[in-house]
Amino acid sequence: MSAVEQRLASLGITLPSPVAPAANYVPFVRSGSLLVISGQLCFGADGKLAATHKGKVGGTVSMDDAKAAARLCAINVLAQVKLAIGDLDKIARCIRLGGFINAMPDYEPLAQVMNGASDLMVEALGDKGRHARSTVGVIVPMAAAVEVEGMFEIAG
Amino acid sequence: MSAVEQRLASLGITLPSPVAPAANYVPFVRSGSLLVISGQLCFGADGKLAATHKGKVGGTVSMDDAKAAARLCAINVLAQVKLAIGDLDKIARCIRLGGFINAMPDYEPLAQVMNGASDLMVEALGDKGRHARSTVGVIVPMAAAVEVEGMFEIAG
Amino acid sequence: MSAVEQRLASLGITLPSPVAPAANYVPFVRSGSLLVISGQLCFGADGKLAATHKGKVGGTVSMDDAKAAARLCAINVLAQVKLAIGDLDKIARCIRLGGFINAMPDYEPLAQVMNGASDLMVEALGDKGRHARSTVGVIVPMAAAVEVEGMFEIAG
């Protein structure tokens, strides 16, 4: 087990085995040292969207639930990285996360919601998890509360 | 004619000759093997937005029209790639597409709309067309139904 | 003083000294020749959001104010580049800007707003400032009128 997965295990997190989308896109593409991860929704370990993670943040979804949803997205991003490169210890850096929050039009604290994803990335990867980030409020597929995409630098 | 353009021709698609934006940005930038394509709207072969490709998806724009609009965006992305590198056979991989759907706030099937772009990319490029993807609902310039941006790896 | 900063000075622009976010993300990450800048809000030189740069573009925020806000975002992007690489003359190219406009649902001239950022980039960097670009309307953190992210190629 990689050091990163041991750290995740100590946080009580087991990476899910993500299912590839049944479509003409793929969950990740590697180009040289760059690894691009498709936008991941806040599916739980059971592969489902919890009722508390569906809907508009600032409307029916609370800040705390939205933050937890962002954390799930980050876990799902890491699960895709593992599928792509096998060993999470090969991550040289999380370069960027893009955070898409399914927010009410007047919702302001989007950054706090996205911290749920950023915190997980640093808990898992340490300083290699410190990333550039853009966070915006949008409409997310399937009415999921949060979607997160990623870009990583892979060593070797 | 490149193999990719022959495949497009067999689908009845001729790439448009895109006009560069009259502004301080450009339709594409290459950096090493990376080629970044600016967000492309769903202009038709005549360079115009059809009435059916203007407005909110899930509102006045139907799923089928939106999917066709996403396909047009992908065609326009490829037209810019051709302008950038001359020969579409030099594409090593479509790394990523970003899909921006001009959707109603409660519209859920955004992924199905974006499949119109993803399908075109694979029809044109085969396995090299399988890309990472993020899809969100937003407000699109000029009230276009769909905007798609791209990132490609170029060989040689 | 770098040539780029002399050009900015001649435009009456002094780059602010940006404060790093108090969170687990960072304002920039470099990976090889790529430099990725986190989404920057339209804070003024005093580090604050002016009342005229807060709210929905096409609602309480006018086109002119929104364009000025986009320009501020671009200045803040350059300030982060300076923090990252020290000398702005090392910029080989502004590869891409992502423009996020806090717009009313039916606001169409998003591109014109984003020109405020694109124009600044070319005023500062000349032809190296000509970038690929995607512009969309979204909900921006803190109700800022505009957010701009960047990707640059760094020489040497």
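Reminder, nothing fancy here: chain letters follow the sequence lines and each chain counts from 1.
When heavy atoms are compared at a cutoff of 4.5 Å, B/Val136 approaches chain A by way of both its backbone and its side chain. Residue B/Leu97 does not touch chain A at all, counting heavy-atom pairs closer than 4.5 Å. Looking at B/Phe100, neither its backbone nor its side chain comes within 4.5 Å of chain A, counting heavy atoms on both sides. For A/Val26, the parts lying near chain B are the backbone and the side chain together; criterion is any non-hydrogen pair under 4.5 Å. Residue B/Met121: no heavy atom, backbone or side chain, is found under 4.5 Å from chain A. Looking at B/Arg130, both its backbone and its side chain come within 4.5 Å of chain A, counting heavy atoms on both sides. At a 4.5 Å heavy-atom cutoff, the contact between B/Arg133 and chain A is made by backbone and side-chain atoms alike.
Contact count versus chain B (heavy atoms, under 4.5 Å) is highest, among A/Gly39, A/Pro105, A/Gly98, A/Gly137, for A/Gly39. When B/Ile101, B/Val138, B/Asp119 are compared by the number of non-hydrogen pairs under 4.5 Å with chain A, B/Asp119 comes out ahead.
In this structure a side-chain-to-backbone donor-acceptor pair under 3.5 Å is present from B/Asn76 to B/Leu72. No side-chain donor-acceptor contact under 3.5 Å links B/Asn102 to the backbone of B/Val146. Not a single donor-acceptor pair under 3.5 Å links the side chain of A/Ser118 to the backbone N or O of A/Asn115.
The number of heavy atoms from other shown groups lying within 6.0 Å of NZ (B/Lys56) is above 12.
No salt bridge links B/Glu153 with B/Lys90; every basic N to acidic carboxylate O contact stays at or beyond 4.0 Å. A salt bridge links B/Lys82 with B/Glu5: the closest approach of a Lys/Arg side-chain nitrogen to an acidic carboxylate oxygen falls below 4.0 angstrom.
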Exercise for the section: Assess whether side-chain contact (heavy atoms from CB on, under 4.5 Å) is satisfied between B/Phe152 and B/Gln80, documenting all intermediate values. Expected result: CA-CA 11 Å; B/Phe152 292 80; B/Gln80 298 292 4; over 6 Å; no
